[in-house]
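Numbered from 1 within each chain, the chains take letters A, B, ... in sequence-line order.
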Amino acid sequence: MGNDAAIAAILDTVRRIPAGRVTSYGEVAARAGLKGRARMVGRVLGLAPDDDPVPWFRVLKSDGRIAFPVGSDAFKEQAKRLRKEGVKVSRDGRVDLAAFGWSHEQSLDELLWGSG
DNA sequence: AGCGTGACAAGGT
DNA sequence: GACCTTGCCACGC
């Protein structure tokens with residue numbers, strides 16, 4: 001897969017992340033057919049222009065933490081946008097992937113109350 | 001071409 | 001948990 005195709009695949013994948021859910025750079029790469037190229041995902045999101053809006057803030061590190069340094073402007077912006085969609089973000093930028101992760105497809109209610 | 005750097009990940013100490 | 005190493009790859013020098 002060429003570079004342009006890879007970029008398009010990454011952007012498409014990120015646009016498919018549902019509001020109120022998060023995923024990791026690695027998972028985006030894998031779903032885009034670019035397993036092992038998580039670093040490229042971060043790079044592409046960083047370059048993504050405003051003309052081509054993508055929900056970059058729904059992408060976290062594999063451990064569920066925001067990738068930016070705690071306290072940085074980017075960190076605060078990402079936490080703010082996530083919280084606005086109902087995602088719980090701890091002060092140090094942690095998100096519970098079991099509750100809000102994409103393709104867990106399990107609502108927080110189900111998690112708390114149990115499905116059956 | 002080589003080397004360092006980076007919005008990463010996985011495995012080990 | 002904090003680090004370190006290895007694998008990954010695009011970029012700028």
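- Summarising the geometry, the separation between OH on A:Y25 and C1' on C:dC8 is reported as 16 Å, rounded to the nearest angstrom.
- Note: CG (A:L34) to C1' (B:dA7) measures 16 Å, nearest angstrom.
- Counting only heavy atoms from C-beta outward, the side chains of A:T23 and A:L97 never approach each other to under 4.5 Å.
- The residues A:R58 and A:E85 are annotated as salt-bridged, a charged nitrogen and a carboxylate oxygen being separated by less than 4.0 angstrom.
- At a threshold of 4.0 Å, the pair A:D63-A:K61 does not count as salt-bridged, since none of the basic side-chain nitrogens sits closer than that to a carboxylate oxygen.
- Dashed line: the shortest gap from a side-chain N or O of A:S62 to OP1 or OP2 of B:dA10 is under 4.0 Å.
- The distance from atom CG of A:L47 to atom C1' of C:dC11 is 10 Å, rounded to the nearest whole Å.
- A distance of about 22 Å separates the P atoms of C:dT6 and B:dA7, rounded to the whole Å.
- Atom CD1 of A:I7 is separated from atom C1' of B:dA7 by 15 Å (rounded to the nearest Å).
- For the pair A:D73 CG and B:dA7 P, the interatomic distance rounds to 15 Å; values are reported in whole Å.
- Nucleic acid contact for A:R37: sugar-phosphate only, since backbone atoms but no base atoms lie under 4.0 Å from a heavy atom of the residue.
- Counting to the nearest Å, the C1' atom of C:dC8 and the CE atom of A:M1 are 15 Å from each other.
- Using a 4.0 Å cut-off between a side-chain N of Lys or Arg and a carboxylate O of Asp or Glu, A:D12 and A:R31 do not qualify as a salt bridge.
- Distance from the side chain of A:R39 is smallest to C:dC8 among C:dC8, B:dA9, C:dA10.
- Across the protein-nucleic acid pair, A:D4 atom CG and C:dA10 atom P stand 12 Å apart, rounded to whole Å.
- The CZ atom of A:R65 sits 15 Å away from the P atom of B:dA7 (whole-angstrom rounding).
- Side-chain contact between A:K76 and A:F68: absent, with no pair of heavy atoms (C-beta onward) separated by less than 4.5 Å.
- Of the two residues near DNA chain C, A:K35 and A:R43, the one whose nearest nucleotide lies more 5' is A:K35.
- Using a 4.0 Å heavy-atom criterion, one finds that A:G46 contacts the bases of the nucleic acid, with or without backbone contacts as well.
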